[in-house]
Structure formats: C-alpha cells, structure tokens
Amino acid sequence: MATSFSFSISMQARVSDLSATTTRFCLQKPASIFHNGKTNLSFSQRHPIPARLAISCAVKQETVEKVSEIVKKQLSLAEDQKVTARTKFTELGADSLDTVEIVMGLEEEFGITMAEERAKEIATVQHAAELIEELIQQKTA
Amino acid sequence: MRISVMSQMQRSFSIDLPSLIPLQLPSRRYTHLWYVIPDEVKSTSLLKRYSQLLSQTEKDGVDQMRGDELKKNALLARTLVRTTVARYQTNKAFDPRSLMFKKNVYGKPEVDWQNCNNQPLHFNISHTDSLIACGVTVHAPVGIDVEDKERKIKHDVLAFAKRFYSADEVNFLATIRDPEAQRKEFIKLWTLKEAYVKALGKGFSAAPFNTFTIQSIPGTEEGYSLCKTSEVTADPLEETKKCNGEWKFALLELADSHYAAVCIEDDQANEGAPMRVIVRKTIPFVEDQLISERIFL
C-alpha cells in the first residue's frame with residue numbers, strides 16, 4: 001500500500017525571478033507520491049513547464065510563526081501588521097541590511113548558520129522557513 | 001580637493017507635466033548622482049502624474065508595498081529612474097513611459113534598449129525610507145548604496161561584522177572604541193561593500209562580503225580601495241590579498257542625513273585617473289538643484 005503522505009506541491013513558475021536556482025524537492029521523508037494510484041501533483045501535463053520552478057512544500061506552521069515574529073521585530077512592525085508565509089520582505093520595506101539582520105535573528109533563534117549567498121536571496125517568510133527546516137534537518141541528520 | 005558649487009534652483013511649475021529638461025550624458029570618469037527626498041514630495045496630483053509614467057508591472061510592484069509611505073517611496077524610486085534615464089536621451093521629446101527595463105542574467109536591473117545597441121548609459125538605484133538615489137555613468141557599470149547615518153543596528157556591531165565582513169574589516173572596526181563611531185564606520189563599510197556588489201552586477205554569490213576588504217587609502221581623506229582575499233595555499237593563515245585599482249569608490253554624505261557609496265569599474269584608458277561625482281537633488285518635473293561636484297582620488 002502506498003504510504004499515505006499528505007502534502008501538496010504547488011508549482012509556482014517564477015519566470016521573472018532570475019535569482020531562483022534549480023528545481024528542488026524539499027521532501028522531509030522518503031515517501032511515495034502516489035496515493036491510491038493517483039498522484040497528488042496538481043498540475044496538468046498539457047501546460048508547458050517553465051525552465052525554472054520553485055516547489056514550495058509544507059513547512060511547519062510553528063516555523064512560519066517564529067520567522068514572522070523575528071521579521072516583525074527587526075522591521076519594527078505593528079503587531080497587527082499581517083505577515084504570512086507568502087509575505088515578501090521587500091513589501092514590508094526591508095532592504096538588504098534588514099534581510100541580513102533578519103537572518104542573524106533566525107540563526108540565533110534556530111541555532112543554525114546560513115551561507116551568505118542563500119541568506120541574501122531569501123525573499124519571503126516561506127523561503128526562510130524552508131531554508132531553516134532544511135538546515136535543521138542537516139544538523140540533526 | 002573638494003569643489004562645492006551651489007546653483008540657483010530651476011523651477012518650472014505647470015498644471016500639466018512639462019516636458020523633462022534634457023541632460024548631457026556624464027563624461028567618462030564622472031558619476032551623476034541624483035536624489036529625491038520623499039518628504040519633500042507632497043503634492044498628490046504630482047504623485048498621480050508620476051504613477052502614470054509607470055509600466056503595469058511597476059504599478060503592481062508599488063501596490064504590493066504595505067502602507068502608504070512604502071507605496072509612495074516605491075513610486076518615487078521608479079519615477080526617479082524613468083525620468084532620469086529619459087532626460088539623458090538625445091531625442092528631446094523622449095517619453096519616460098517608453099523606457100523598458102530588464103534584468104541581466106544575475107538579476108541586476110538595466111535598461112532594455114530594444115533595437116538600439118551600444119548605448120553607453122548605466123544606472124543603479126538605492127533607497128532608504130527617507131532618501132532615494134540614482135547613479136548614472138557612461139561606459140562603466142555603476143553601483144550605489146545609500147543608508148541613513150543614524151540607522152540603528154539591532155545586533156552587536158562587532159558580532160555582525162565577524163559574521164559577515166572580512167577579517168581585516170573586523171580588525172579595523174575593533175580598534176574603534178566609541179560605539180557610536182564604530183556603528184558609523186560599520187554603516188559606511190556596508191554602503192561601500194553593497195555598492196561594489198551592485199556594480200559587479202553578478203549577484204550576491206559572486207562576491208560574498210567576507211571575501212573582500214574595502215579600506216581607506218592611507219594619506220587620502222576619503223579614498224577607498226578594494227582588496228580581495230584569496231586562499232591560495234592550504235594553510236589558512238597564508239591568505240593572500242590582491243588589491244587592485246580596477247574598482248573606484250566614493251563615499252559621500254547626502255542631505256546631512258545619509259551616507260552614499262558609489263562604485264564604478266575603472267576604464268583601462270582612465271586607469272589611475274580620479275573619479276568625479278556630481279550630486280544633484282531633484283523633484284522630477286519640478287526642480288533640480290546642483291549640490292556639489294567632488295573629486296575622489
């Protein structure tokens with residue numbers, strides 16, 4: 001029986017985002033993506049797949065919340081300012097110095113170290129959460 | 001040597017937007033640095049006219065910003081780029097709306113000249129909450145970065161430097177006793193390093209901050225040079241430094257409130273020649289004010 005592993009992969013074509021690197025899978029456990037004979041992948045084969053894809057996977061809500069909190073603190077945002085996984089740092093008025101300070105805050109909070117190049121390319125709360133979970137994973141592996 | 005020239009303000013008010021006053025391209029070795037102070041742009045009708053200059057993508061970008069102040073600043077940034085680049089075009093009736101922009105393969109914004117090749121003009125933009133700047137050069141890639149002089153760093157400055165800057169820069173900052181002075185030098189270094197990476201235009205991974213040192217040139221008041229650290233031997237203590245004059249730097253203060261760093265790639269024909277920066281404050285379509293012309297050795 002196929003492993004039941006409930007997550008959703010949303011393909012986001014970031015054609016205009018030239019800083020995106022290669023396609024990456026961020027599955028945390030080896031798992032079959034087939035469930036009862038059907039795929040969970042929700043895209044149509046008829047659409048041409050752009051050269052650069054970003055696959056966002058489900059990160060822990062807890063991680064997203066901690067990242068949001070650190071972002072709000074660094075940018076001195078009001079408590080009621082809405083920050084979600086998809087919020088871009090630039091939308092909140094963050095510049096490169098803010099991004100680096102946010103990264104330092106994340107490193108302290110999660111006990112990880114990010115390579116500068118990857119850190120500076122973090123654009124959204126989601127990206128940060130994904131990178132954090134990847135680094136935590138590597139640390140505990 | 002410093003030359004400061006204050007000229008009269010040119011004002012031209014009109015109900016409809018007047019045409020843009022054209023500009024002569026900068027000479028080689030010159031950078032034209034333009035800046036806008038958002039607080040000085042209050043007219044809602046003027047801002048509305050500015051928004052009519054933007055492409056749909058740019059308008060979407062402005063709309064995504066959270067809050068009126070951020071929206072206004074994003075609008076002013078795009079307006080500054082469009083109007084400034086448009087003014088340097090030889091066609092006097094050049095419409096700033098017709099400019100197209102693209103990103104190079106690493107993501108650095110540049111003008112998409114469409115069918116006109118070999119256009120010499122380069123630009124780079126930087127903004128803070130309270131000042132937006134645009135640098136223009138010919139035949140040489142340019143990078144600029146501006147920061148509020150009073151910007152507070154939320155982390156310990158030395159810890160931040162140890163994490164991201166080069167060893168020599170950390171040593172330099174560590175010698176500064178007064179925390180305020182140390183913070184200021186940290187910010188100056190940040191703007192210089194950012195300006196270099198932006199001038200290079202190859203993305204962050206091409207020049208991680210800890211792989212190069214920017215330091216004052218001894219004997220000059222405001223000269224800076226770039227030294228790249230390379231670990232050639234197996235022994236990490238034998239890091240060699242290669243200091244070259246290929247990249248020129250200028251560090252200035254704008255409006256008494258901001259540090260601005262300008263970095264350009266030195267044209268081989270001009271090697272060793274000083275770099276000149278002409279600073280002008282502007283409100284697009286309204287006024288220009290020549291602030292200074294400076295030489296950096």
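The backbone N or O of K82(A) lies less than 3.5 Å from a partner atom in the side chain of R66(B), making a donor-acceptor pair.
Neither the backbone nor the side chain of K193(B) comes within contact range of chain A, judged by heavy atoms closer than 4.5 Å. The parts of Q74(A) that come within reach of chain B are both its backbone and its side chain, each placing non-hydrogen atoms under 4.5 angstrom from that chain. When heavy atoms are compared at a cutoff of 4.5 Å, E69(B) does not approach chain A at all.
Side-chain contact between L70(B) and E91(A) is absent, with no heavy atoms from C-beta onward closer than 4.5 Å. Counting heavy atoms from C-beta outward, F209(B) and V100(A) have side chains that stay 4.5 Å or more apart. The shortest side-chain heavy-atom distance between T113(A) and R163(B) falls under the 4.5 Å cut-off.
Put simply, of I153(B), N73(B), D129(B), the one with the most heavy-atom pairs under 4.5 Å next to chain A is I153(B). Options S126(B), P208(B), A206(B), A207(B) differ in how many heavy-atom pairs under 4.5 Å they form with chain A, and the most are formed by P208(B).
Counting non-hydrogen atoms of neighbouring residues, nucleotides and ligands closer than 6.0 angstrom, the CG atom of D68(B) reaches no more than 12 such neighbours. Within a 6.0 Å sphere centred on NZ of K152(B), heavy atoms belonging to other residues, nucleotides or ligands number more than 12. The neighbour count for E69(A) CD, taken as heavy atoms of other residues, nucleotides or ligands under 6.0 Å away, does not exceed 12. For K88(A), the NZ atom is loosely surrounded, since the number of other residues' heavy atoms within 6.0 Å does not exceed 12. The environment of CD in Q61(A) is crowded: more than 12 heavy-atom neighbours from other residues, nucleotides or ligands sit within 6.0 Å.
Atoms CG and CZ, from L97(A) and F160(B) in turn, are 5.0 Å apart once rounded to the nearest 0.5 Å.
Take T128(B) and apply the side chain to side chain donor-acceptor pair (under 3.5 Å) test, not counting sequence neighbours, and it matches H258(B). Under the rule for a side chain to side chain donor-acceptor pair (under 3.5 Å), E109(A) has no partner lying at least two apart in sequence or in another chain.
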Run the side-chain contact (heavy atoms from CB on, under 4.5 Å) check on D95(A) and R151(B) step by step: do they pass? CA-CA 12 Å; D95(A) 61 12; R151(B) 184 183 184 136; 2.8 Å; yes

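Between S76(A) and K154(B), the side chains place a donor N or O and an acceptor N or O closer than 3.5 Å (distance only, hydrogens not considered).
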